[in-house]
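Computation of the quantities below employed the complete heavy-atom set of this structure, encompassing side-chain atoms and omitting hydrogens, waters and symmetry-equivalent molecules. Here is how names work: the chains are called A, B, and so on, in the same order as the sequence lines, proteins then strands, and each is numbered from 1.
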Amino acid sequence: MSIITRFAPSPTGFLHIGGARTALFNWLFARHMGGKFLLRIEDTDRERSTREAVDAIFSGLKWLGLNWDGEAVFQFARAPKHREVVDELLKSGNAYYCYCSQEELAAMRDQAKAAGLAPKYNGYWRDRDPKLAPVDIKPVVRLKAPAVGKTVLNDLVQGTVITDNNQLDDMILLRSDGTPTYMLSVVVDDHDMGVTHVIRGDDHLTNTFRQIQIYQAMSWQTPEFGHIPLIHGPDGAKMSKRHGALGVDAYKAMGMLPQAMCNYLLRLGWAHGDDEIIPTEQAVQWFNIEGIGKSPARFDMNKLLSLNAHYLRQTANDQLADEISEFLPKDVSEKLKEAGYRQRAVSGMDGLKQRAKTLLELAEGAKFYLLDAPLPMDSELKSLLNKAESQEILGKLIKLLESFGEWNESSLHSMVKEFSEGLEVGLGHVAKLVRAALTGSNISPSIFEIMQVFGKQETLSRLRTKY
RNA sequence: GUCCCCAUCGUCUAGCGGUUAGGACGUCGCCCUUUCAAGGCGGCAACACGGGUUCGAUUCCCGUUGGGGACGCCA
């Protein structure tokens with residue numbers, strides 16, 4: 001039998017990092033098994049669901065390369081189907097109307113808590129004659145869950161977990177306004193969509209017992225469940241906004257590469273021996289649910305960054321030249337469209353990409369190739385260049401360069417080195433001046449590589465520029 | 001409060017009864033070097049604690065402690 005997984009986020013905010021990992025695991029498992037990966041938007045909370053959030057989920061998944069099979073299912077649209085199931089449950093005696101008010105329910109919870117029990121509904125209307133119902137209260141429909149015995153979950157990740165049914169109460173299936181609850185909708189949708197493996201965050205673990213009760217009441221076969229540990233913030237607590245970790249779009253904006261994100265997320269809670277660099281294609285081959293760890297992992301930006309730097313260096317130069325475009329100011333990125341400037345950026349990437357961890361840093365580092373002299377420069381560097389002594393050195397160098405024929409990195413290196421030794425100032429000092437004139441900075445790739453990329457004419461023109 | 005889950009370097013992890021407890025990120029030092037990186041080499045750094053089981057426990061069992069999660073007419 002072919003397996004079917006799904007990712008079922010609620011569109012109430014951005015696609016966060018934990019959700020992305022859940023999606024990744026579902027996607028990897030489906031692809032590994034040659035099955036299907038479905039997407040369902042759980043938009044039954046009409047108050048909080050937004051179109052923007054739906055778009056963020058779509059674009060986030062696409063960016064990560066987690067393509068889903070078929071059209072995304074919107075849960076709210078299936079409400080009529082969910083209500084049909086409630087009718088069936090009512091008919092079969094597996095559900096009943098409950099007329100308790102919010103106040104009464106709160107009192108019950110307090111009472112249970114005071115008695116040392118889990119705060120829950122006490123089943124007041126479970127076996128009561130509906131004729132006794134107050135006329136002014138709109139009822140909810142509750143599942144008539146087994147009151148005794150145990151519910152067993154053989155979880156793919158967590159192992160066998162057993163809950164005493166007295167821990168669970170009769171959950172609400174239909175709200176008083178007639179809308180289905182999450183608990184019911186998930187079960188009905190997973191069943192109708194043919195989902196065979198439900199892989200989700202372990203914050204859903206206890207919900208699963210309730211959901212199993214619905215499957216049982218409907219005599220439906222339960223899918224396999226795998227509850228993966230949540231990602232925690234650096235302080236060990238559940239990942240939240242205050243950890244500064246936002247939606248996947250935020251990581252994109254930081255200049256992260258999707259391959260790096262996937263690799264990082266995969267290694268959070270899953271390992272393949274000592275392997276660290278696991279490109280997605282490799283992950284599809286290797287992925288298995290058994291390998292998922294049970295302990296929560298903390299989010300570590302440094303490791304993500306290091307992985308990102310790795311994938312950045314693996315990326316082809318011309319592709320990087322395209323990628324940095326959106327990280328550049330408009331006027332600078334426009335230059336990228338002109339063949340000459342673009343060629344410089346592409347040629348310069350070898351030196352640039354090993355100095356950047358993100359596309360943002362890469363773009364920053366590439367600016368000097370795209371800007372025209374005079375370059376923006378801090379005052380300290382300016383005054384260094386303006387010193388008579390500096391000008392004298394540069395003047396002599398320019399003369400030599402003008403008649404220098406072998407315009408390539410290594411020849412330029414030897415030549416300038418010899419030149420410096422002749423002047424008895426040291427290559428370091430000369431390099432600093434050249435670097436300033438060529439890049440406007442005192443940090444850059446090799447100046448000889450830069451000279452080669454610029455070519456003789458542009459190099460000399462920059463060296464002659466006065467600040 | 002009740003229930004559930006977790007526990008190896010600072011972090012992510014390998015380990016599935018006998019290992020000098022391995023790798024990666026970070027960190028420190030050295031090499032390379034025109035700056036900054038990258039790269040190479042090396043150092044520091046962990047089995048939470050207490051009981052069992054066993055010839056032998058990081059590994060299996062129980063407890064303690066610590067962390068996390070769930071207990072909505074949210075999803």
Looking at every strand, decide which applies to [X] at a 4.0 Å heavy-atom threshold: base, sugar-phosphate, or nothing.
| X | result |
| --- | --- |
| A/C100 | base |
| A/V161 | sugar-phosphate |
| A/H227 | nothing |
| A/G426 | nothing |
| A/K432 | nothing |
| A/I447 | base |
| A/P445 | base |
| A/R298 | sugar-phosphate |
| A/E47 | nothing |
| A/Y264 | nothing |
| A/D45 | sugar-phosphate |
| A/S420 | nothing |
| A/D164 | nothing |
| A/R313 | sugar-phosphate |

Under 3.5 Å donor-acceptor pair, [X] side-chain atoms to [N] base atoms:
| X | N | answer |
| --- | --- | --- |
| A/S446 | B/U34 | yes |
| A/S176 | B/C73 | yes |
| A/D202 | B/A70 | no |

Which one, [options], comes nearest to the side chain of [X]?
| X | options | answer |
| --- | --- | --- |
| A/P119 | B/A7, B/C36, B/G1 | B/G1 |
| A/Y182 | B/C73, B/A75, B/G1 | B/A75 |
| A/A297 | B/C73, B/U35, B/C12 | B/C12 |
| A/H232 | B/C73, B/A70, B/G68 | B/G68 |
| A/T206 | B/A37, B/C6, B/G69 | B/G69 |
| A/M183 | B/C73, B/G1, B/A75 | B/A75 |
| A/P296 | B/A75, B/C6, B/C36 | B/C6 |

Please determine, for [N], whether a Watson-Crick or G-U wobble partner exists with both distances under 3.5 Å, and give it or none.
| N | value |
| --- | --- |
| B/A57 | none |
| B/G50 | B/C62 |
| B/U27 | B/G43 |
| B/U19 | none |
| B/A70 | B/U2 |

Sidechain-backbone polar pair: A/T358 side chain, A/G255 backbone, donor-acceptor under 3.5 Å: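 No, A/T358 side chain to A/G255 backbone: no donor-acceptor pair under 3.5 Å.
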A/T181 (side chain) donor-acceptor with A/I172 (main chain) under 3.5 angstrom: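 At least one qualifying donor-acceptor pair exists.
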Mutual orientation of the aromatic rings belonging to A/W286 and A/H272 [parallel < 30°, tilted 30-60°, perpendicular > 60°]: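 If you compare the ring of A/W286 with that of A/H272, the planes turn out parallel.
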Whether A/F225 and A/H227 hold their rings parallel, tilted or perpendicular, with breakpoints at 30° and 60°: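 Taking A/H227 first and then A/F225, their aromatic rings lie parallel (interplane angle under 30°).
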Between [atom2] of [N] and [atom1] of [X], the distance in whole Å:
| X | N | atom1 | atom2 | value |
| --- | --- | --- | --- | --- |
| A/E449 | B/U35 | CD | P | 15 Å |
| A/H310 | B/A37 | NE2 | P | 20 Å |
| A/Q111 | B/G1 | CD | P | 19 Å |

Residue met sooner reading RNA chain B from 5', once A/P180 and A/R210 are mapped to nucleotides: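 This one resolves to A/R210.
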Check: A/N26/A/H197 side-chain N/O donor and acceptor closer than 3.5 Å: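 Side-chain D/A pair, A/N26 to A/H197: absent.
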Side-chain H-bond candidate by donor/acceptor type, A/N207 with A/Y182, under 3.5 Å: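 A/N207 vs A/Y182: no donor-acceptor pair found between side chains.
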B/U34 OP1/OP2 closer than 4.0 Å to side-chain N/O of A/H413: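 Answer yes for this pair, as a side-chain N or O of A/H413 is under 4.0 Å from OP1 or OP2.
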OP1 or OP2 of B/A75 under 4.0 Å from side-chain N/O of A/T44: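 Yes.
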Min side-chain heavy-atom separation [X]-[Y] under 4.5 Å:
| X | Y | value |
| --- | --- | --- |
| A/F25 | A/L266 | yes |
| A/M261 | A/L24 | no |
| A/R200 | A/L205 | no |

B/S/- contact track for nucleotides 14-32 of chain B, protein heavy atom under 4.0 Å: S-------BBBSS------
Distance between C1' atoms of B/G68 and B/U27 (Å, rounded):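 Each nucleotide's C1' atom is 28 Å from the other's.
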B/U8 and B/C47, which share atom name P, separated by this distance in whole Å: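 Pairwise P distance, B/C47 against B/U8, rounds to 11 Å.
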Salt bridge A/D87-A/R83, side-chain N to carboxylate O under 4.0 Å: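 Here A/D87 does not pair with A/R83 in a salt bridge, since their nearest N and O are not under 4.0 Å apart.
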